[in-house]
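For reference, the structure is listed below as C-alpha cells.
Along the sequence shown, residues carry numbers from 1. Note that ligands are numbered from 1 as they come in the structure, with each ligand's atoms numbered from 1 the same way. Everything quoted here is computed from the prediction, not taken from an experiment.
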Amino acid sequence: MSLLRAAFVSCLTFYFTLLLSTALYRLSPHHPLARYPGPFACKLSKFWLAFLSLTGKQHLYLKSLHERYGDVVRIGPNELSFREPSVLEAMLGVGGVPKGPLNAGRLLSMTDLPLVAIMDPVVHAKRRMPWTRAFSVAALKEYEPTVAQRVHQLVQVLQAQEKEVIIGKFFNYFAYDSMCDVAFGGGSELLRDGDKDNVWQIIEDALLLTAFMSHVPYLGLYFAHMPIIGATVNRLLSYSKSLVLERIKRGSERKDIFHYLNNEDRPDLPPTPVKHLLDDGVLAVVAGSDTTSSALTSLFFCLLAHPHVMERLKAEIDHFYPSGEDPCDTRNYREMPYLTAVINETLRLYPPIPSGTQRQVPHHGEGVMLGAYPVPPGTAMYLHPYSLQRDPRNFYPFPEEFWPDRWLVAAQRSSLSEALAHAPGVSKSFPLDSVDFEHNEAAFLPFAYGPANCVGKQLAMLEMRMVVCALLQKFELRLREGWDVHEYDKGFLDYFVTTRPDVPVVLRPRF
Ligand code: HEM
C-alpha cells in the first residue's frame, strides 16, 4: 500500500514539476519568443486560444490584441500573429514558410490529408498540380454553363417563396449544389428537395468542434476516438466521400474538377490513388461551398444595409443586363467595376476565413527572418486578414465601413472627391479636400496569397458575379422592417469559416 502511495506521489510530483518548469520556461525571458509581447494566458498555454475559439470571436480577439500590443503578437507559447503586410512575400510567397498543422488538427488526422492540410511544400506542390489544371482559364470556361444553370434555378426557387426568406439558407443550397456539379458532375439537389439529409447542419457542427482542435492538433488524434467529436467529423467526411465514390462509379459526361484530379485529362500520367481522390473530394465540396455562401450572405447583407450602394449597383447591372438579357453571360463582367468593388469591399470587411490559415517554421533548421522579425524554428504563425483589412494604415478613410468606392479610386476609375460624395455618413463639415487615402492591396488577403493560396478564387468570383447580377436583375430586395442591422456583426462568428446570422429579406419581382 505504502509502495503504491509512494509511486502515486512521485508520479504527481514528476508531472507537477514538469508542468511548472514548462510554464516558467514559456513565461521566462529565455524563451525564443520572449521578445514578442502578448497576453499572459496566451504565452502560458495554447488552451486559452483553443477555448476562446469556441466562442466564435477569435477574429475580434486577435484584432484587439493587435490594437493593444502592436503588429506582432505572441498568441500561443510558440505562435505569433502578424498584422504587418510587409512580411507577405516572406511568409506566404514562393519559398515562404510551409503550412502549419491547423488543418490537420481540424481533420483529426495527420495522414488522411487533403491538399489544404499538406505541410510539406514539395508534396503540396505536387498534389496541387491537377488542382491548377482544374482551375485553368479553359477549365473555368467549361464550368460556366453548369454554374449558370444553378443560378437560374436559385432565381426560380426564390420566385416561388412567399413573403420573406432567410437569404443565407438559399445561398447555402446554391453553393453546395453548384460545387457538387462542378466538382463531381452532380450529386446534390438541395435547391430542389431542401436539406433532407441535414448536410449544412453536419458542416456547421464539424466546424464548431474542429475550431478547438485546430489549436491543439496533436489532441485531434485522440479526440478522433471520442464518440461525439469523432462521429461529427466522420459524418462530414463520409458524406463527402460517398459523393466521390458515386462519381467514380458513374463517370461524367462533362469535364468536372474530378476529371483533372483523377488525371482523366492526362492519360500519360499514372492514375491518382483513390485515397487522394477521397481526401481532396471532401476538400472540393467543403472549401468551395461554405466560403462562397458566407461571402454571398455578407455581400447581400451589405447591400441591404446600404440601399444607395444597391441602387448604384443595380444601375450598372441594368446597363449591361436589361430585362430579357442573360445575367449569367460572363462577357460583360470585366466591364463592371462597381460589381467588382462591391465584392472586394465585402471580402475586406467580412472575409469568410477571417483568421486566415497557419504557417509554421520547420522544427529542424535555423528559423527565418520575416522582414525585421526573427522567427525561431517550430514557430506557428498567422498573417491575420481580419486585422489587416480593417487597419486604417491599409484602408483609409472609413476602414471599418462599407465603402466600395475605395476600390474605384484605387483603380483610377473615380476621383477621391467623387468617391467621398458616396461615402457613408459624410457630413458637409467633412474635409473632402484634405483627406488622406490609403489602399494597400498587400493587406487584402481573403483568398490568402502565394503557391498555397485559394486555388478556387476565380470560380468563387464567377459564382458571386452571376448570383449578384441575376438577383438584382430580377428582384427588389429589402430587409425585414425593424430588423436590427447590428445583428449581423454579432452573428458573424469565426469558426475558421464563419457562421453568419439569419438575414431576413423581403423579395419582390422587378418585372
Ligand atoms: C469566397 C470564397 C472563397 C474564399 C474566401 C476562399 C478562401 C480560401 C483561403 C483563405 C484558403 C487558404 C489558403 C492558404 O492556406 O493559404 C483557401 C484554400 C483553398 N480553397 Fe478557397 N476560398 C473560397 C472559395 C473556394 C472555391 C469555390 C473553391 C473550389 C473548390 C476553393 C478551393 C480551395 C482549395 C482547394 C484550397 C486549398 C489550396 C491549397 O492548399 O493549395 N475555394 N481558400
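The side chain to side chain contact (heavy atoms under 4.5 Å, CB included) test with E463 singles out one residue from S178, S289, S293, and that residue is S178.
If you check which protein heavy atom lies closest to atom 35 (C) of ligand 1, you get V455 CG1, 3.4 Å. Scanning the protein heavy atoms around atom 9 (C) of ligand 1, the nearest turns out to be I353 CD1, 3.7 Å. Annotation: atom 5 (C) of ligand 1 to nearest protein heavy atom, P446 O, 3.5 Å. For atom 4 (C) of ligand 1, the closest non-hydrogen atom of the protein is F447 CE2, 3.5 Å. Ranking protein heavy atoms by distance to atom 21 (Fe) of ligand 1, first place goes to C454 SG, 2.3 Å. For atom 26 (C) of ligand 1, the closest non-hydrogen atom on the protein side is G288 CA, 3.4 Å. When hydrogens are left out, the protein atom nearest atom 23 (C) of ligand 1 is T291 OG1, 3.3 Å; that is the closest non-hydrogen contact. Here the protein heavy atom with the shortest distance to atom 13 (C) of ligand 1 is A452 O, 3.2 Å.
Ring centroid separation for the pair F301 and F492 does not come in under the 6.0 Å cut-off.
The distance criterion of under 3.5 Å between nitrogen or oxygen atoms is not met by T292 with respect to ligand 1. Remark: ligand 1 and T357 share an N or O pair separated by less than 3.5 Å (distance only, no angle test).
Of all atoms in ligand 1, numbered sequentially from 1 with element shown, those under 4.0 Å from a heavy atom of A287 are 24 (C), 25 (C), 32 (C), 33 (C), 42 (N). Atoms of ligand 1 found under 4.0 Å from any heavy atom of A284 (numbered from 1 in listed order, with element): 30 (C). In the vicinity of A460, heavy-atom distances shorter than 4.0 Å reach the ligand 1 atoms 1 (C), 2 (C), 24 (C). Of all the atoms in ligand 1, the ones that sit under 4.0 Å from a non-hydrogen atom of M179 are 29 (C), 30 (C).
N172 and R500 are linked by a side-chain donor-acceptor pair at a separation below 3.5 angstrom, with hydrogens and angles left out of the test. A donor and an acceptor atom, one from each side chain of S298 and Y488, are located under 3.5 Å apart. Between the side chains of D489 and Y350, at least one donor-acceptor pair of N or O atoms lies under 3.5 Å. Side-chain atoms of H306 and E345 include no donor-acceptor pair closer than 3.5 Å. Side chains of R465 and N332: no donor on one and acceptor on the other come within 3.5 Å. A side-chain N or O of S355 and one of D494 form a donor-acceptor pair less than 3.5 Å apart.
Ligand 1 lies out of reach of G356, whose nearest heavy atom is not under 4.0 Å from it. Residue contacts with ligand 1: R359 is included, with a non-hydrogen atom under 4.0 Å away. Distances from ligand 1 to the non-hydrogen atoms of K457 include no value under 4.0 Å. The shell of residues lying under 4.0 angstrom from ligand 1, judged by heavy atoms, excludes Q358. Close to ligand 1: F135, with a non-hydrogen atom less than 4.0 angstrom away.
Remark: R406 is not positioned above the aromatic ring of F395, lacking an NZ or CZ atom under 6.0 angstrom from the ring centre and at most 45 degrees off the axis.
Looking only at side-chain heavy atoms (C-beta outward), R128 and V455 come within less than 4.5 Å of each other. Side chains of D391 and N440 form no contact here, defined as non-hydrogen atoms less than 4.5 Å apart. You'll find the side chain of Y333 stays beyond 4.5 Å of the side chain of T340, heavy atoms only.
Contacts between W131 and ligand 1 below 4.0 angstrom, taking non-hydrogen atoms only, involve the side chain exclusively. Contacts of D280 with ligand 1, taken as heavy-atom pairs under 4.0 Å, are absent altogether.
When M91, R128, K99 are ranked by how near their heavy atoms come to atom 40 (O) of ligand 1, first place goes to K99.
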Test log, rule salt bridge (charged side-chain N to carboxylate O under 4.0 Å, His left out), inputs E67 and K63: CA-CA 6 Å; E67 279 156 8; K63 182 167 177 281; 3.0 Å; yes
